[in-house]
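Below is one structure, written out as structure tokens; comments come after it.
These numbers come from the heavy atoms of this one structure, side chains and all, not from hydrogens, waters or symmetry mates. Keep in mind the model is a prediction, meaning the values are calculated, not measured. Remember, it's 1-based here, ligands and their atoms both numbered in the order they're listed.
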Amino acid sequence: MTNVTLDKVVKRYGQIDVVRGVDLTIEEGELVVLLGPSGCGKTTTLRMIAGFIEPSTGEIRMGVEVVNRKPPRLRNLGMVFQDYALFPNMTVAGNIAFGLEERRAPAAQRAARVEAMLAMIRMEHLAGRYPSELSGGQQQRVALARALAYEPAVLLMDEPLGALDQKLREEMQREFARIQRSVGITTIFVTHDQQEAMMLADRIVVMNGGVIEQAGTAEALYHRPASLFIADFIGRSNKFQGVVERLEGGEAQIRLGGGCLIRTAAPAGVAAKAKVTCVVRPENLHAGRADLDNAVEARVLRRSFLGDSVDIMLELDGQEEIILKAGRADLANLPENGRLMLGFARRDVACFPASERTS
Ligand SMILES: Nc1ncnc2c1ncn2[C@@H]1O[C@H](COP(=O)(O)OP(=O)(O)OP(=O)(O)O)[C@@H](O)[C@H]1O
Ligand SMILES: [Mg+2]
């Protein structure tokens, strides 16, 4: 087990930096998820850690050792990729034993290890099957067991669940989380699925355009997004465009396009008259509440029943279409087809300069 450090890591292809100075330490035993939109540099970063790509500048360390030029097979890594297929001509047990054979582990130790791995992935009864005789989820369990069998120091995974349908994907996320915790291995997991990141990660590192935009726990990113991009990318957000009308005593009053006024904590680096984007989570809007810091009138457009909750689509101020995630009280306060008062607290509004890019 070891920690992994990226120190001002840059990857340049021709004239373009696709990874633009990444600083990150993954602690021993930590599960870090690299999250971000397509093309933001997740796979490139992971492949530099794996050793398939050499950084243009900067340093990658495992423990105190600089590994920039060390070939992948000498880095003591386990890898699971979406397209890193099992060996089709080997059984489940053969696949799991492969890395141990490569490392010339004695036969008795090999057998014991394969047995332990099969138990870990709960597939003892399928040891003799070939990959073509397994489901997608079973194949990914075997790929994980194969990667962990020789007890690598670091586990790297690039969208390992990308090919699975939603239900199986969620089941495998729980399974991965259980196994990673029980083995306690330093893990870097790449995904573009924010729910998957929130489900798995000790810490989420959000990349955007080749840089780390924000890193933190799921809670921190959700409740204290550092930018509009993060507020938009992690969870759902309602966005209101407006102009700062007054700044006073740490409070900002913001005039929305359609005319109504809302109160927020004064956003950093924003002056009076500045254009801003305010963000409120769907669960922080409350139907029929005129007693909160902000009350705006909205018109109900439609509702969607989602099983564990109901989404109410609303039109605010004749302008923006917004979503309210309705609790029991909201549903009781909902008019049949008309206008309602929408309340929300000042502390539930995040506000950013409108010029900020969102992707
Ligand atoms: N060998 C290469 N030569 C030139 N450009 C490359 C090369 N490999 C990747 N890129 C570019 O680098 C950027 C980052 O690619 P990368 O594969 O790291 O993205 P990603 O975050 O993993 O995206 P996805 O979610 O789609 O897998 C992309 O714009 C890609 O086109
Ligand atoms: Mg990728």
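The N/O atoms of Cys40, backbone and side chain alike, include one that comes under 3.5 Å of an N/O atom in ligand 1. Checked by distance only, ligand 1 and Thr44 come closer than 3.5 Å through their nitrogen or oxygen atoms.
Among all non-hydrogen protein atoms, the one lying nearest atom 30 (C) of ligand 1 is Val18 CG1, 5.0 Å. In terms of protein heavy-atom proximity, atom 26 (O) of ligand 1 is closest to Ser38 OG, 2.6 Å. Scanning all protein heavy atoms for the shortest distance to atom 25 (O) of ligand 1 gives Lys42 NZ, 2.8 Å. Nearest protein heavy-atom contact of atom 5 (N) of ligand 1 is Tyr13 CD1, 3.4 Å. Remark: minimum distance from atom 29 (O) of ligand 1 to any protein heavy atom is reached at Gly39 O, 3.9 Å.
The nearest protein heavy atom to atom 7 (C) of ligand 1 is closer than 4.0 Å.
In terms of heavy atoms, Leu100 sits closest to Ala149 at CD2-O, 3.7 Å.
Atoms of ligand 1 found under 4.0 Å from any heavy atom of Thr43, numbered from 1 in the order shown, are 17 (O), 18 (O), 20 (P), 22 (O), 27 (O).
Contacts of Phe87 classified as ring pair (Phe, Tyr, Trp, His ring centres under 6.0 Å), with partners at least two apart in sequence or in another chain: Phe98.
The shortest separation from a heavy atom of Gly41 to ligand 1 is under 4.0 Å, placing the residue in contact.
At least one N/O/S atom of Thr43, from backbone or side chain, sits under 2.8 Å from the Mg ion (ligand 2).
Listed by first and then second residue, the salt bridge (charged side-chain N to carboxylate O under 4.0 Å, His left out) pairs involving residues 343-354 are Glu251-Arg346 (not counting sequence neighbours).
Side-chain contact between Val183 and Met120: present, with at least one pair of heavy atoms (C-beta onward) separated by less than 4.5 Å. Looking only at side-chain heavy atoms (C-beta outward), Cys278 and Ile254 come within less than 4.5 Å of each other.
One finds the CE atom of Met207 at 14.5 Å from the CD atom of Gln214 (value rounded to the nearest 0.5 Å).
Checking Thr91 against Arg129 by side-chain atom types alone, no donor-acceptor pair falls below 3.5 Å.
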Practice item. Start with the C-alpha gap between Asp311 and Lys325, add the side-chain angles, then the distance that decides, and say whether side-chain contact (heavy atoms from CB on, under 4.5 Å) holds. Key: CA-CA 5 Å; Asp311 275 357; Lys325 184 179 161 79; 4.2 Å; yes
